[in-house]
*Asks:* 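Let me give you the structure first, and then I'll get to my questions.
For clarity, every value in this text was computed on a predicted model and none was experimentally measured. Counting starts at 1 for both ligands and their atoms, in listed order.
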Amino acid sequence: MLNERMIGLGTQRSVIRELFEFGKMRAAEVGAENVFDFSIGNPSVPAPSCVTETALNLIKTMDPVVLHGYTSAQGDANVRKTIADSLNLRFGTKYTQDNLYLTTGAAAALCCCFNGMTCPMDEFIVFAPYFPEYKVFIEGAGAKMVLIPADTEAFQIDFDKFEKAITKHTKGVIVNSPNNPSGVVYSEDTIKKLAEILKRKSEEYGNPIYLISDEPYREIVFSGTKVPFLPKYYNNTIVCYSWSKSLSLPGERLGYVLIPDEVEDSKMVYAAVAGAGRSLGYVCAPSMFQHICAACASKTADISIYETNKNILLKALREMGYHVVEPGGTFYMFPRTLEENDIAFCEKAKKYNLLIVPGTGFGCPGHTRISYCVPTERIERSLVAFEALAKEYK
Ligand code: PLP
């Protein structure tokens, strides 16, 4: 006997994976340049020069036994101090190395939180549209995911539905802003209202409800959009961060959990997160990239390309009659599909070699995710395909 749940996870191909395979097949038939693959959120710009320079310097100057060796489970102490200093400079905080636990990306950071916090019957609230792996991570930790339907007008939060969903079993609430898949950034008003409800409900039930802020896109914002720093609004906030997107390093697996001192029983929460990391066999985050990410913590890849792509695509799609909420950041856009059935719509798009992901998988049917982290010329050439698709509905 094997674990049926794991067999299921290991064998069911994701919709995105299916599209990727389809794209490869079509590329062989019509040429890669004629396939408009907007399915995957893999950064399309190279890591900044700081990454290569630091890597070369580390290889030349650092004792290789240390550079490639295990670090402490929570990450190298100097690295964590450098990251804490960088956060303090940006957000006016007073974090130290003891507030940070380094992980293999945001995915592991989230898993450490869910596994470290979950007790029997616990629930985590997630807002649609959401990153589908949340369900896998939450259920893997033995908790239940409670989904709040989307506010499809603005992709902020439907507070009536949210408040009704909070129960004595609510251990935490996950927010992801800037958001995958909508690209929307939660406004300061949204965050204040969220914090007010969480404070009131925590008092009512006599237990802290943790706010888990999943922020791998924090720096990828457009025309001065401000991303509120959540620990300033709600004390029981835990931040899961990653350099996968901001430094274009998704394959290097570096991120962290930030547990501020203001979190209730913060030392215990830190211990639980570290314990979960240990029980999941994470051992330590990749040593060399701990040093690289710390040295480049204040830098980003050239994310201006994403804004250029967003502007071209948004204008063109709206002119063609698509309804799109303007993204404040990321490299995703989440238009309404031109028929109710988003799966049928995305299937139809394939006729034009347009690979876009149905919203159903993000808990938000009637929409489609476009990942526009591709070269700008490909965005420009894809517009005829979006136009031809739109014409089918006129
Ligand atoms: N959270 C969100 C919203 C994401 O979009 C992703 C990756 O696409 C992750 C977490 C996981 O990122 P990482 O590569 O840091 O594990």
*Asks:* Output all residues satisfying side chain to side chain contact (heavy atoms under 4.5 Å, CB included) with K81, sequence neighbours left out; order by chain, then residue number.
*Replies:* D85, Q97
*Asks:* I'd like to know if K245 pairs up with E219 as an ion pair, taking the criterion as any Lys NZ or Arg NE/NH1/NH2 lying under 4.0 Å from an Asp or Glu carboxylate oxygen.
*Replies:*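 So K245 does not pair with E219 through a salt bridge.
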*Asks:* Check the surroundings of atom CZ in R5: do more than 12 heavy atoms from other residues, nucleotides or ligands lie under 6.0 Å from it?
*Replies:* yes
*Asks:* Run the ring-centre check on F222 versus Y306 and record whether the distance is less than 6.0 Å.
*Replies:*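 Ring centres of Y306 and F222 not closer than 6.0 Å.
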*Asks:* Give a yes or no on whether the ring-centroid distance for F345 and Y393 is below 6.0 angstrom.
*Replies:* yes
*Asks:* So which protein residues pack against ligand 1 under 4.0 Å, heavy atoms counted?
*Replies:* G105, A106, A107, F131, Y134, N176, N180, D214, P216, Y217, S242, S244, K245, R253
*Asks:* When you group the ILVMFWY residues by side-chain heavy-atom contacts below 4.5 Å and let the links chain together, are I191 and I166 in the same group?
*Replies:*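 Hydrophobic grouping puts I166 with I191.
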